[in-house]
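So the structure is just underneath, and the comments pick up after that.
Counting starts at 1 for both ligands and their atoms, in listed order.
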Amino acid sequence: MENLTDLFVCIDHVGLAVPDLDEAIKFHTEVMGFRLLHRESNLDQGVEEAMIGTGAQLPESAQIQLLAPLNEDSTIAKFLDKKGPGMQQLCYRVADLDAVSATLRERGVRLLYPEARRGTGGARINFCHPKDVGGVLLELTEPPVDAAH
Ligand code: MC0
């Protein structure tokens, strides 16, 4: 496996855990002036989520992801119980998730899943354990080939 130098393309999004998605969207659009860009449920991840961003949508402009729990077993429900609402994750975009995951594993970073799973908009995703990357849950996302960005 080729040893990658530049692993990440850009910051893709920052994820905020919220108890109620509709309320959070209302706050971020009506008070903070963001636009709602995308909304979906992800049963595999146990979340109902929304992507918000600025109107400008610069090519590499990071978005904010609002994450609400779909059920009590959701990692977001656990996070809210322990820490309350707030920043739950940072997400880096990658061009080749399998290559980046392999490189990070070689360097001693634990990836949470043995294989990529499905993320927002059909992206391929995995996560680095927060204890191995400085205390922040780090998501890696490889957008689908037909994604707008
Ligand atoms: C837990 N820890 C965190 C953390 N969650 N540190 C920083 N940020 C977080 N979000 C720390 C705890 O404080 C604790 O440290 C230690 O990690 C173990 O935590 P735990 O409370 O025992 O929780 P676990 O181990 O049951 O679960 C943590 C883990 C889990 C990261 C493995 O949340 C997970 O599998 N996350 C990945 C999936 C996910 O988050 N899905 C929702 C987003 P101490 O020092 O107290 O021991 S879905 C998504 O993002 C998708 C839709 C997308 O964007 O495409």
Side-chain angles (χ1 to χ4, degrees), residues 4 6-29 32 34-54 57-149:
L4 299 177
D6 293 313
L7 272 65
F8 309 121
V9 175
C10 63
I11 296 174
D12 189 90
H13 63 265
V14 172
L16 307 181
V18 303
D20 184 305
L21 189 62
D22 290 322
E23 270 182 28
I25 290 172
K26 193 171 159 58
F27 171 74
H28 282 89
T29 54
M32 304 302 280
F34 282 109
R35 298 183 188 196
L36 176 61
L37 304 173
H38 177 78
R39 181 175 179 152
E40 72 176 72
S41 292
N42 185 324
L43 299 180
D44 181 43
Q45 290 293 325
V47 299
E48 198 187 356
E49 57 149 309
M51 284 291 189
I52 57 171
T54 65
Q57 283 308 297
L58 302 170
E60 299 300 340
S61 173
Q63 297 178 357
I64 306 292
Q65 181 182 43
L66 305 174
L67 292 158
L70 268 179
N71 52 55
E72 286 175 8
D73 299 330
S74 164
T75 52
I76 300 301
K78 195 169 173 186
F79 183 92
L80 288 168
D81 278 350
K82 274 197 170 177
K83 304 193 181 187
M87 186 173 149
Q88 189 257 353
Q89 60 166 265
L90 171 65
C91 178
Y92 295 155
R93 192 183 305 166
V94 299
D96 183 339
L97 181 64
D98 296 331
V100 171
S101 299
T103 298
L104 288 173
R105 282 195 184 99
E106 278 170 20
R107 296 177 185 179
V109 175
R110 281 172 291 169
L111 278 288
L112 293 186
Y113 309 137
E115 301 292 339
R117 290 201 186 168
R118 185 198 173 281
T120 307
R124 300 176 75 237
I125 62 167
N126 207 331
F127 292 85
C128 300
H129 197 285
K131 294 291 177 193
D132 293 354
V133 288
V136 176
L137 175 62
L138 183 60
E139 181 183 351
L140 307 175
T141 184
E142 177 190 315
V145 277
D146 59 351
H149 52 236

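Inside a 4.0 Å radius of atom 15 (O) of ligand 1 there is at least one protein heavy atom.
A donor-acceptor pair shorter than 3.5 Å can be found between the side chains of Gln89 and His13.
Of the listed options Lys82, Arg110, Glu139, Lys82 places a heavy atom closest to atom 19 (O) of ligand 1. Among Cys91, Gly134, Pro130, Gly15, the residue whose heavy atom lies nearest to atom 4 (C) of ligand 1 is Pro130. Of all the listed residues (Met87, Glu48, Gln65), Gln65 holds the heavy atom that lies closest to atom 54 (O) of ligand 1. Nearest to atom 45 (O) of ligand 1 by heavy-atom distance, out of Lys131, Lys83, Gln88, is Lys131.
Interatomic distance, Cys128 SG to Arg105 CZ, rounded to the nearest 0.5 Å: 9.0 Å. Atom CD of Glu49 is separated from atom CG of Asn42 by 6.5 Å, given to the nearest 0.5 angstrom. To the nearest 0.5 Å, atom CD of residue Glu139 and atom CG of residue Asn126 are 9.0 Å apart. Atom CG in Asp20 sits 11.5 Å away from atom NZ in Lys26 (nearest 0.5 Å).
Contact of the Thr120 side chain with the Thr141 side chain is not registered, since no non-hydrogen atoms from C-beta on lie closer than 4.5 Å. At a threshold of 4.5 Å between non-hydrogen side-chain atoms, the residues Glu142 and Val100 do not count as touching. Proximity of Ile52 to Met32: side-chain heavy atoms (C-beta onward) are nowhere separated by under 4.5 Å. Within the 4.5 Å cutoff, the side chain of Leu21 has heavy atoms near those of the Leu66 side chain.
Of all protein heavy atoms, the one closest to atom 29 (C) of ligand 1 is Leu112 CD1, 4.4 Å. Distance from atom 52 (C) of ligand 1 to its nearest protein heavy atom, with residue and atom name: Glu49 OE2, 3.3 Å. Protein heavy atom closest to atom 23 (O) of ligand 1, with residue, atom name and distance, is Lys78 NZ, 3.6 Å. For atom 55 (O) of ligand 1, the closest non-hydrogen atom of the protein is Thr120 N, 2.8 Å. Closest to atom 41 (N) of ligand 1 among all protein heavy atoms lies Gln45 OE1, 2.8 Å.
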Full working for side chain to side chain contact (heavy atoms under 4.5 Å, CB included) between Thr75 and Leu67: CA-CA 10 Å; Thr75 52; Leu67 292 158; over 6 Å; no

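Those atoms of ligand 1 with a heavy atom of Asn42 less than 4.0 angstrom away are 52 (C). Here is the list of ligand 1 atoms found below 4.0 Å of a heavy atom in Gln89: 43 (C), 49 (C), 50 (O). Near Gly119, the atoms of ligand 1 lying under 4.0 angstrom from a non-hydrogen atom of the residue are 55 (O). Each of the atoms 9 (C), 10 (N) of ligand 1 lies under 4.0 Å from some heavy atom of Phe79.
Under the 4.0 angstrom criterion for non-hydrogen atoms, His13 is in contact with ligand 1. Using a 4.0 angstrom heavy-atom cutoff, Gly135 counts as in contact with ligand 1.
Contacts between Thr141 and ligand 1, counted as non-hydrogen atom pairs separated by less than 4.0 Å, are absent for every part of the residue. By the criterion of a heavy-atom distance under 4.0 Å, both the backbone and the side chain of Leu137 are placed next to ligand 1. Contact annotation: for Thr75 versus ligand 1, heavy atoms closer than 4.0 Å belong to the side chain alone.
More than 12 heavy-atom neighbours from other residues, nucleotides or ligands sit within 6.0 angstrom of CG on Asn71.
Note on ring orientation: taking the six-membered ring where Trp is involved, the planes of Tyr113 and Phe127 are perpendicular (angle over 60°, cut-offs 30° and 60°).
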